[in-house]
2 protein chains.
Amino acid sequence: MSENVEPKRGREQRVTKQRLAVDAAMGRLDDFVSAQELHRLLQDNGEKVSLATVYRILQSMTEDGLLDVVRSGDGEAAYRSCEAEVHHHHLVCRSCGKGVEVLAPAVETWAARVAAENGFTESSHTVEIYGYCPDCTRLRAAGGQETA
Amino acid sequence: MSENVEPKRGREQRVTKQRLAVDAAMGRLDDFVSAQELHRLLQDNGEKVSLATVYRILQSMTEDGLLDVVRSGDGEAAYRSCEAEVHHHHLVCRSCGKGVEVLAPAVETWAARVAAENGFTESSHTVEIYGYCPDCTRLRAAGGQETA
DNA sequence: TTCACTGCAAATGCTTTGCAGCGCC
DNA sequence: GGCGCTGCAAAGCATTTGCAGTGAA
C-alpha cells in the first residue's frame, strides 16, 4: 500500500542513554519546556547530555510526532510530550510573576472547533491570562506606584 | 522585579519619516509580515530605514497596541496592523503562516471571569490557535512525505 | 537648543552544524 | 565492524543595544 505518514524516513534510530534521558524527562513533564530548560533539568538530574544533543533529540522526536512544539513569546521553542493528559493554561501575575494553573475544557473545545470550522487540522493552542494578583493589586492600590 | 512593566504613556513620540514609512507600509499590508520582510519591502520602495529602526518602530507600535504580533513556526515574529477595536485572536497555519482572525466573546468573558475568580485585576490575555490550513492539510495528505 | 530618533555595527541569545571519536546494533 | 550518535565549539539567524550624529519640536 501507500506509505504511511507515521514511519520515519528509513532512518533507524539508536537507543542511546541520551535519548532515553530526554525521553524520560519529557514523559515526566506535563508542561512546555524549552530546549535550554530541559538541558538544565537534565544536568541538574546528573545526566550528561550536551545542549546540541538535546536540540537534536528534541527535533528528531518532534519529526516523529512524539512532541508538540510551540513558540513562547520570546522566540524560544517550547516542547511538550504529545501524550499529555490534561492540557491546562496559566494565569500569571504581571507584577510578581506568580502563576495559577487554569483548567478550561470549554476553551479546549472552542479552540478545536474554531480550527475545524476554518478547515484547519492538527490544531493546538496557547492561552495565557495576565493580571495583577490579589496581593499586588492591594499593594498597588495602597502604595500608588503611579508616576504619571 | 517589583518594577512596573507599564509602558510610559507620557513619553512623547516624534513623527519621523522612518516612522511614517513603517506606519504607511503596515497600513497598506493586510497580511502578517516579519520585520525582515518589512525592511526589504521598504528598501524596495525606496525608503531608507535601517533594520534596527524597523525593529524599534515595530516594537514601539506594538507596545502602543497599534500592531498585532504572532510567532511564525520558525521563530520569526510577524506583525500586522491591528485596526480592530475589539479584542480578537488568531488562527495561524503552522506551515504557510496564513492567519485568520477569530472573534470569541465567550473566551474574552471566560478569561475575565477566571482572572476575577482568582482575585486578579486588570486582566488581559493572549490566545493563539495553530494548525494546518486546508491547503497545507491537502498537500500533506496528498504526497507530502518526501520533500527536500 | 534640546533630546528623541536613527544608522551602524557589535553584541546577545537561541538553534544548527562540522568534525572527530564513541558506542549501539 | 559499520555507521549513527554525541560533544564541543564555531557558525548562523533574528533581534537587541551602545554610541554618536541628525533632525523634530
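By convention in this document, chain letters (A, B, ...) are assigned in the order of the sequence lines, proteins followed by strands, and residues within each chain are numbered from 1. Source: prediction; values computed, not measured.
- To the nearest angstrom, P of C/dG7 lies 12 Å from CZ of B/R19.
- Ring orientation note: the planes of A/H89 and B/W110 are nearly perpendicular, at an angle over 60° on the 30°/60° scale.
- In summary, B/R113 and B/E108 do not engage in a salt bridge, as defined by a charged side-chain N under 4.0 Å from a carboxylate O.
- Note: CD (B/E76) to P (C/dT16) measures 14 Å, nearest angstrom.
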Protein proximity profile, nucleotides 17-25 of chain C - base contact B, sugar-phosphate-only contact S, no contact -, cut-off 4.0 Å on heavy atoms: BB----BBS
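- Under 4.0 angstrom from either OP1 or OP2 of C/dG7 there lies at least one side-chain N or O belonging to B/Q18.
- What separates CG of B/L20 from P of C/dT6 is a distance of 10 Å, to the nearest Å.
- In terms of modelled atom types and a separation under 3.5 Å, the side chain of B/E63 and the main chain of B/S60 share no donor-acceptor contact.
- As a whole-Å value, the separation of B/E37 CD from D/dA14 C1' is 12 Å.
- Judged purely by distance below 3.5 Å, without hydrogens or angles, the side chains of A/Y79 and A/E37 never pair a donor atom with an acceptor atom.
- D/dT6 atom P lies 13 Å from atom NE2 of A/H39, rounded to whole Å.
- A donor-acceptor contact shorter than 3.5 Å is absent between the side chain of A/T53 and the backbone of A/V49.
- Counting to the nearest Å, the C1' atom of D/dA14 and the CG atom of B/L38 are 15 Å from each other.
- Between A/V69 and A/A77, the shortest heavy-atom contact is CG1-CB, 4.2 Å.
- Distance, B/K48 NZ to D/dG23 P: 12 Å, rounded to whole Å.
- The interatomic distance linking B/R40 (CZ) with D/dC13 (C1') rounds to 13 Å, in whole Å.
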